[in-house]
Amino acid sequence: MEPVCDTTGVREAEAAAIDREGADILMQRAAAGVATVVSDLLHELAPDGTPDPSRLTGRTVLVVAGAGNNGGDALYAGARLAEAGATVLVAGTADVIHTEALRACQAAGGRQVGQAEIAEDLRRGRIDCVVDGVLGLGGRAGLRGPVAALAIACADRRVPVVAVDLPSGVVADEGTVSGTAFHARRTVTFGVRKPCHVLEPAASACGEVQVVDIGLGEVPPLLMAATDSDIAGWWPVPDGSSDKYSRGVVGLDAGSQDYPGAGLLAAYGATHAGAGMVRFTGDRAVGELITAQLPNVVRAEGRVQARVLGPGWGARRDADQVVAAAIEANESLVIDADALRALPTTRLRADVLLTPHAGELARLLEVERGEVTGDPLGAVDEAVQRTGATVLLKGSTQYVKGPLDPLTTIAVVGPSWTAQAGSGDVLAGICGALLAAGLETVQAALTGASIQAIAARRHPGPYPPQELARRLPGVIADLVGGRPLTSA
């Protein structure tokens, strides 16, 4: 997992690194990283048959530099790009920009330009890439004036932007995007990721984030972020001695006459995530719908390793009794959707996974929904402390925390195509399958939420949740391909 650090921790680490090695050395390392990313991007975007990839002849880069160190990083990167043959144009957004870096860029061939020339070059498609070095970690939300107009023009004309540390107009410690901001194709950040790189919608404005080591050393994390390699390593892979019982049996009570699809979607999630067996114990009509499409699902009571309760229950009269009985049975549990209304007042176990969205978590905490969306980390922490359970807060960014975890972890982020009714039902089934296979609860939550994101990323488009679920086996096989078989 990767650490995600706030600006306070990063600034302290930067100050210590400057004392050890000097500001110029850190800036040159940052500039080298930026120049490499810009060069790689330009070559990826170039048509086939381009000349020597070590040269950038014929490519035009606009460096937009602010007054701070980010502007210096961008200008020194511009000098390196000019030395590699690129035409480098420089636009300063402040009366005074980094003097030495500007001189270095100009000495390498960079040329300062005004707003009129920039507008004309953009209109005629003469600019191949923009390096955004306007604002850094201390930048405020939203851009104004000519810089805002430039950010809008780049987006309208689809000019690729490489952001230095973060897109200007985005706040480092927040996941929101308020007002106009650059939307980067790639963001080059230094040492560690910041919250804006992993929290949506700011993460989307950052594009692909590449972390460059400039020698900051250890930075205390604010939270952690799961990666594709984490998910590949955690995924339970059967071995030659596995059978349907050792792979994990999931008990599923989901759906109702009003919401039969929720039961079917949860069954899709559990089945396509690789459960050894799915036992459906809910509404009879829902069970008939499920087995008509998934004949492998068993409609009989029996021993299970994990149980999924709640998707599509609606106003179920016996909800309190069903939830209480499942908790008393000492099974691993996924409690989702309508079953969250039936939580007992007693403290839950860590192997009980609650999977609310923001509205459901607000109801659980007895606060307004805006309080959850405004401070999701605090809301998740409060829910864990109150219930004793593990909590997965669903949404564009998905947060997971268990009662013994000092930090919250973010699941792998996927495209917004997954924001469809029914995705949460599929997720509940996936998490049930992973718990039944023996994963620890936090790992099951992170792995379930992440595999949906990875599947959506590999199969982009508005696939409904059941179609995305059908693609899970192929995505899982690709993800764990080549890994030695281990016992589920």
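- Looking at heavy atoms from C-beta onward, Pro236 lies in side-chain contact with Leu439 at the 4.5 angstrom threshold.
- The pair Asp228-Arg457 meets the salt-bridge criterion, since a charged nitrogen lies less than 4.0 angstrom from a carboxylate oxygen.
- A 4.5 Å side-chain heavy-atom check between Leu343 and Leu354 finds at least one atom pair inside the cut-off.
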(message) What verdict does the side-chain contact (heavy atoms from CB on, under 4.5 Å) test give for Val38 and Val131, after you've listed the backbone C-alpha separation in whole Å, the side-chain angles of each residue and the deciding distance to 0.1 Å?
(response) CA-CA 8 Å; Val38 172; Val131 178; 3.8 Å; yes
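- No side-chain donor-acceptor contact under 3.5 Å links Thr187 to the backbone of Ala184.
- Salt bridge status for Glu44 with Arg186: present, with a side-chain N to carboxylate O gap under 4.0 Å.
- Among Leu446, Thr408, Asp405, Thr409, the one residue that satisfies the side-chain contact (heavy atoms from CB on, under 4.5 Å) test with Met224 is Thr409.
- Shown here for Cys5 and Pro221, the closest heavy-atom pair between the two residues is SG-CA, 3.8 Å.
- Between the CD atom of Gln385 and the CG atom of Leu365 there is a distance of 10.5 Å, given to the nearest 0.5 Å.
- In this structure, Thr373 and Pro376 approach most closely via the heavy-atom pair O-CD, 3.5 Å.
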(request) In sequence, state the C-alpha distance, the side-chain angles, and the governing distance for Val162 and Cys129, and then conclude on side-chain contact (heavy atoms from CB on, under 4.5 Å). (result) CA-CA 7 Å; Val162 173; Cys129 181; 3.9 Å; yes
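- Remark: Gln115 CD is loosely packed, at most 12 non-hydrogen atoms of other residues, nucleotides or ligands lying under 6.0 Å away.
- For the atom pair CG of Leu434 and CH2 of Trp235, the computed distance is 4.5 Å after rounding to the nearest 0.5 Å.
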(message) Between Arg126 and Glu117, does the salt bridge (Lys or Arg N to Asp or Glu O under 4.0 Å) criterion hold? Intermediate values first, please.
(response) CA-CA 11 Å; Arg126 294 171 178 161; Glu117 184 173 346; over 6 Å; no
(request) Verify salt bridge (Lys or Arg N to Asp or Glu O under 4.0 Å) between Arg193 and Glu2, making sure each step is shown before the conclusion. (result) CA-CA 8 Å; Arg193 294 175 190 265; Glu2 292 188 345; 2.3 Å; yes
(message) Checking Gln398 against Leu427 for the side-chain contact (heavy atoms from CB on, under 4.5 Å) test, could you report, in this order, the C-alpha distance in whole Å, the side-chain angles of both residues, the deciding distance, and whether it holds?
(response) CA-CA 12 Å; Gln398 308 200 84; Leu427 174 57; 4.0 Å; yes
Report all side-chain donor-acceptor pairs from residues 139-156 shorter than 3.5 Å, counting only partners two or more places apart or in another chain.
from	atom 1	to	atom 2	distance (Å)
Arg144	NH1	Gly142	O	3.1

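- Scanning all heavy atoms of the two residues, the minimum distance from Ala226 to Met1 falls at CA-CG, 4.1 Å.
- Between the side chain of Thr447 and the main chain of Ala444, no donor-acceptor pair closer than 3.5 Å is present.
- By the 4.5 Å heavy-atom criterion applied to side chains, Ile335 and Thr355 are not counted as neighbours.
- Between Val412 and Ser450 the shortest heavy-atom distance is N-OG, 2.9 Å.
- Not a single donor-acceptor pair under 3.5 Å links the side chain of Ser423 to the backbone N or O of Ala419.
- Ion pairing of Arg29 with Glu21 is present here, as a side-chain N (NZ or NE/NH1/NH2) and a carboxylate O approach within less than 4.0 Å.
- Considering only heavy atoms from C-beta on, Thr176 stays 4.5 Å or farther from Val171 through its side chain.
- At a threshold of 4.5 Å between non-hydrogen side-chain atoms, the residues Leu353 and Cys431 count as touching.
- Counting heavy-atom neighbours within 6.0 Å of Glu368 CD, excluding the residue itself, gives a total of 12 or less.
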(message) One pair to check against side-chain contact (heavy atoms from CB on, under 4.5 Å): Asp165 and Leu137. What are the steps and the verdict?
(response) CA-CA 8 Å; Asp165 223 358; Leu137 295 183; 3.6 Å; yes
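- How far CG of Leu377 is from CG of Leu393: 9.5 Å, rounded to the nearest 0.5 Å.
- Between Thr8 and Glu12, the side chains place no donor N or O within less than 3.5 Å of an acceptor N or O (distance only, hydrogens not considered).
- Counting heavy-atom neighbours within 6.0 Å of Glu440 CD, excluding the residue itself, gives a total of 12 or less.
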Check: residues 60-85 side-chain donor-acceptor pairs under 3.5 Å, at least two apart:
from	atom 1	to	atom 2	distance (Å)
Asn70	ND2	Leu135	O	3.3
Asn70	ND2	Val164	O	2.6
Arg80	NH2	Gln28	OE1	3.3

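- Within the 4.5 Å cutoff, no side-chain heavy atoms of Leu468 are placed close to those of Trp417.
- Within the model, atoms CD of Glu382 and OG1 of Thr387 stand 9.5 Å from one another, a figure rounded to the nearest 0.5 Å.
- Thr390 has its side chain out of reach of Lys401: every pair of non-hydrogen atoms, C-beta onward, lies at least 4.5 Å apart.
- By the ring pair (Phe, Tyr, Trp, His ring centres under 6.0 Å) test, His272 is found to be paired with Tyr268, residues two or more places apart in sequence or in another chain being considered.
- Side-chain contact annotation: Ser168 with Asp132, donor-acceptor N/O pair under 3.5 Å present.
- In this structure, Arg11 does not pair ionically with Glu14, as no charged nitrogen and carboxylate oxygen lie closer than 4.0 Å.
- The closest donor-acceptor contact from the side chain of Arg349 to the backbone of Gly388 lies at 3.5 Å or more, if one exists at all.
- Taking all atoms of both residues into account, the shortest heavy-atom contact from Pro167 to Ala205 is CG-O, 3.4 Å.
- Across all their heavy atoms, Asp478 and Arg458 have their closest contact at CB-NH1, 3.3 Å.
- Between Arg470 and Glu467 there is a salt bridge, since a side-chain N of the basic residue sits under 4.0 Å from a carboxylate O of the acidic one.
- To the nearest 0.5 Å, atom CG of residue Asp239 and atom CZ of residue Arg247 are 10.5 Å apart.
- With salt bridges taken as basic N to acidic carboxylate O contacts below 4.0 Å, none links Lys194 and Glu174.
- Judged by distance alone, with hydrogens and angles left aside, the side-chain atoms of Arg20 form a donor-acceptor pair with the main-chain N or O of Gly215 at under 3.5 Å.
- In the model, Thr227 has a side-chain atom that pairs as donor or acceptor with a side-chain atom of Ser229 under 3.5 Å.
- Here the side chains of Val10 and Phe190 are not in contact, with every heavy-atom distance at 4.5 Å or above.
- At most 12 non-hydrogen atoms from other residues, nucleotides or ligands lie less than 6.0 angstrom from CD of Glu100.
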